[in-house]
Undergrad: 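Below: one structure in structure tokens.
Every number for a ligand or one of its atoms is a count from 1 in the order of the listing.
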Amino acid sequence: MAEEETKVPGNEFHEEDRFQYKREDVTNEKELEKAKADYGASDLQVLEGLEAVRKRPGMYIATTASAGLHHLVWEIVDNSIDEALAGYCKSITVTINKGESITVQDDGRGVPVDIVAKTGLSGVETVYTILHAGGKFGGDGGYKVSGGLHGVGASVVNALSTWMDVTVCRDGGKYFLRFENGGHAVGHLTRIGDSNERGTTVTFQPDPTIFTETTIYNYETIKNHLRQMAFLNGGISITLIDDRGEEPVSETFKYDGGIREYVKYIDQVKVPVNPEPIYCQGAEEVTLADGETKVRIYAEVALQWTDSYSQDGIYSFCNNISTKEGGTHVEGLNLALGRILNDYARKSKLLKEDDKNFAGEDCREGLTAVISVKHPNPQYEGQTKTKLGNSEVRKIVSSVVGEGLAQHLMENPAEAKAIIEKIQIASKARDAARVAREKIRKTALEITTLPGKLADCSSKDPAVCELYIVEGNSAGGSAKNGRDRETQAILPLRGKILNVEKAREERIWANAEIGNMITAIGGGIRENFDVTKIRYHKIVIMTDADVDGDHIRILLLTFFYRFMRPLLEGGYVYIAQPPLYKVDYKGSAYYAYNDAQLEKLRKELNLKPGFAFQRYKGLGEMDAEQLWETTMDPKARKMIRITIEDAADAEKAFSELMGDEVAPRREYITQNAKFVKNLDI
Ligand code: 28G
């Protein structure tokens, strides 16, 4: 289809897509009818709606902690992205201002300024004060492409802000409206001047009485989200500016290759089998179960095989939201992979008559795939409602990938051969590993007796139990003597543990330390891992504060990431923070956990320069009592909780950390990794 000139080149979302979908949110429709009939009351209704949001913010943004604060930004940015997907916006700028307000600016058409018949309010006031106004007004029938799962709309952001300023440039004019105290318009939309520009600018200040935990924005979190949006919506330029410091910091993300570039980014340090990701794309119109509603579903997939052994390189999205639990789009991809790869291998005689078919997992070994679908009416299932359930998507993705992949293999026989050979090796290795695993399962996995090195706790209630994984036998001894025996278990590790990122499966199964951890934790591993069976709700890594300790910690995290990922996703893994310094002063002991604290202590205690304090080199230097006091006592200790914010970034970080290149590992050790969010508790 020919695209209009104003459209973003390479934007595959078609204009007609926006006319297919009718919303069916009946309660809201009724409310609006009422507002319309009861013209004079509409102001009041608006405020009642926003008041409901302020009363129960959790109903709209799930949490008022840090994630909810950031959610406000995603919500406003989503509107700009929708405008870009509609074909009218090329660039978006997000600024974190001094004082933690956020400005989002786009060069789209500008929110309409005329009065909307249904509400009796300007388009701007409608969008920012009526709940779920997105796509409901103005008869353009557009559906919110971006968001979807969250998609609560800009009015929710307004309701949760102390103030919000909206500026719109369109039709030769510049218009302005301010809201205060959770969405109260200050007057009405006013033309404040002329302008030849087009676009919308919104600035909002999150309300500290709602976001009581924190109102501080995290640059990395916003950066990662915007980068992901730029990957998923190729061609849009998204700039982030942090204006809080002395000098502004800024970064721009623009990926004309879209998800193809996303795959390359994830695979940066891996060795690709096909250097250019295979790209498949298509749209299909389907009639929904009601027999009349027709919707257009759009799907795109990028595929790259690498030398990695990993099974979990599939990143799936619906309407720009990560579907962590997968769903019908991923099923469609898997179906097509098995079908096309086996077909091709048979036809090209790479797979002989007597050979058995490749299994699905063989086809996925070392595969990195990004799959993105856009659906006007997504249904989400699963424990965390991040599993796409629409059954019509399965067939669409399967045929889009089927056609695209088959054609690519035909046209690139050398590459096809390399891919099939990779799968063949995976298949053979899996047969060998199966034999090894079966042998060891009897010894390591099905063992019900706990490892001899484990000093278990007496409580059997996982919710209160903690497992300390301790580097070295001597520190293990202190930890055993200093612990709270009721709730704290100690598993000492001897020396380094295996790097599971680089070891073939047989070696992993033969490793005693790994076997001990699996039995101690008790939830099983990989796809059979069951987080409800784990014996401790806190798994605490306690290593020395030196390079070796850092290395052991990364090895352990990598092991958890590959074998017990839900532990990390659920926030069950912690890093103990032993103090770096001890100051004995007038008969009392003071501890400092970093240099800044040591400086503070010097000042507070009025220590003379050159005052002798103890610098701990390892956990082993502390006796049982000191270790308890400083590092293990729940009342006094500081721990860092590890969480995974974004699967693709975590994957990239782990392969960088544990792969062949040494430089990124050094960087982690000195800087701290971007995939972990540190929470002091
Ligand atoms: C900068 C911060 C976030 C937006 C637009 C553009 C239109 C629009 C937004 O319409 C539906 C229809 C009329 C009120 C649509 C402009 C059609 C024609 C738009 C944004 C509701 C919404 N011209 N750009 N909404 N209207 N950017 N960026 O919010 O009645 S929202």
Undergrad: Could you list which atoms of ligand 1 come closer than 4.0 Å to a heavy atom of Arg170?
TA: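 In order of number, 16 (C), 23 (N).
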
Undergrad: Would you say Phe204 contacts ligand 1, with heavy atoms under 4.0 Å as the rule?
TA: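 Contact check Phe204 vs ligand 1: negative.
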
Undergrad: Just say parallel, tilted or perpendicular for the rings of His225 and Trp74, cut-offs at 30° and 60°.
TA: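 If you compare the ring of His225 with that of Trp74, the planes turn out parallel.
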
Undergrad: Check contact between Gly110 and ligand 1, using heavy atoms of the residue and a distance below 4.0 angstrom.
TA: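 Under 4.0 Å: yes for Gly110.
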
Undergrad: Closer than 4.0 Å to some heavy atom of Val116 - which atoms of ligand 1 meet that?
TA: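 So the atoms of ligand 1 that pass are 14 (C), 30 (O).
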
Undergrad: Any idea which atoms of ligand 1 are less than 4.0 Å away from a heavy-atom of Asn79?
TA: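 By the 4.0 Å cutoff, the relevant atoms are 20 (C), 29 (O).
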
Undergrad: Can you tell me which portion of Val127 lies within the under-4.0 Å heavy-atom range of ligand 1? Options are side chain, backbone, both, or neither.
TA: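 It is the side chain that touches ligand 1; the backbone stays farther off.
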
Undergrad: If you measure from atom 20 (C) of ligand 1 to every heavy atom of Val124, Asp106, Asp107, which option wins on shortest distance?
TA: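 Comparing heavy atoms across Val124, Asp106, Asp107, the nearest one to atom 20 (C) of ligand 1 lies in Asp106.
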
Undergrad: Taking the side chain from Ser195 and the backbone from Cys169, do they hold a donor-acceptor pair closer than 3.5 Å?
TA: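 Between the backbone of Cys169 and the side chain of Ser195 there is no qualifying donor-acceptor contact (under 3.5 Å).
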
Undergrad: Can you sort out which atoms of ligand 1 are near Gly123, meaning under 4.0 Å from one of its heavy atoms?
TA: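 Listed by number with element: 14 (C).
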
Undergrad: Could you work out, with ring-ring contact (aromatic ring centres under 6.0 Å, His included) as the rule, every residue matching Phe253, not counting sequence neighbours?
TA: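 Listed in chain order: nothing, the list is empty.
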
Undergrad: Could you pull out all residues at least two apart from Lys254 that satisfy side-chain hydrogen bond (donor to acceptor under 3.5 Å, both in side chains)?
TA: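 With neighbours one apart ignored, the set is Asp256.
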
Undergrad: Measure the NZ-OH distance between Lys374 and Tyr298 for me, rounded to the nearest 0.5 Å.
TA: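 Between Lys374 NZ and Tyr298 OH, I get 6.5 Å after rounding to 0.5 Å.
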
Undergrad: Quick check on contacts: which atoms of ligand 1 are under 4.0 angstrom from a heavy atom of Tyr128?
TA: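 Those qualifying, in numeric order: 29 (O).
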
Undergrad: If you measure from atom 7 (C) of ligand 1 to every heavy atom of Ser80, Pro112, Cys89, which option wins on shortest distance?
TA: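 The option holding the nearest heavy atom is Pro112.
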
Undergrad: Do Asp207 and Thr209 have side-chain N/O donor and acceptor atoms under 3.5 Å apart?
TA: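 Yes.
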
Undergrad: Say whether Thr126 and ligand 1 are in contact under the criterion: heavy-atom distance to a ligand atom below 4.0 Å.
TA: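 Flag not set, Thr126 not near ligand 1.
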
Undergrad: Any side-chain donor-acceptor pair under 3.5 Å between Asn390 and Thr328?
TA: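 Checked: Asn390/Thr328 side chains show no N/O donor-acceptor pair below 3.5 Å.
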
Undergrad: With atoms numbered from 1 as shown, which atoms in ligand 1 lie under 4.0 angstrom from a non-hydrogen atom of Val104?
TA: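 Those qualifying, in numeric order: 1 (C), 2 (C).
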
Undergrad: Any atoms of ligand 1 less than 4.0 Å from a non-hydrogen atom of Val111? List them with their elements.
TA: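 Listed by number with element: 4 (C), 9 (C), 31 (S).
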
Undergrad: What atoms in ligand 1 come closer than 4.0 Å to a heavy atom of Thr200?
TA: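 Those of ligand 1 that fall under 4.0 Å from Thr200 are 1 (C), 4 (C), 24 (N), 27 (N).
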
Undergrad: With side-chain hydrogen bond (donor to acceptor under 3.5 Å, both in side chains) as the criterion, how do His329 and Thr323 come out once you've worked through the C-alpha distance, each side chain's angles and the decisive distance to 0.1 Å?
TA: CA-CA 10 Å; His329 48 352; Thr323 36; 2.8 Å; yes

Undergrad: Will you find, in the side chains of Ser91 and Asp106, an N or O donor that is under 3.5 Å from an N or O acceptor?
TA: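 Looking only at side-chain atoms, Asp106 and Ser91 do not form any donor-acceptor pair under 3.5 Å.
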
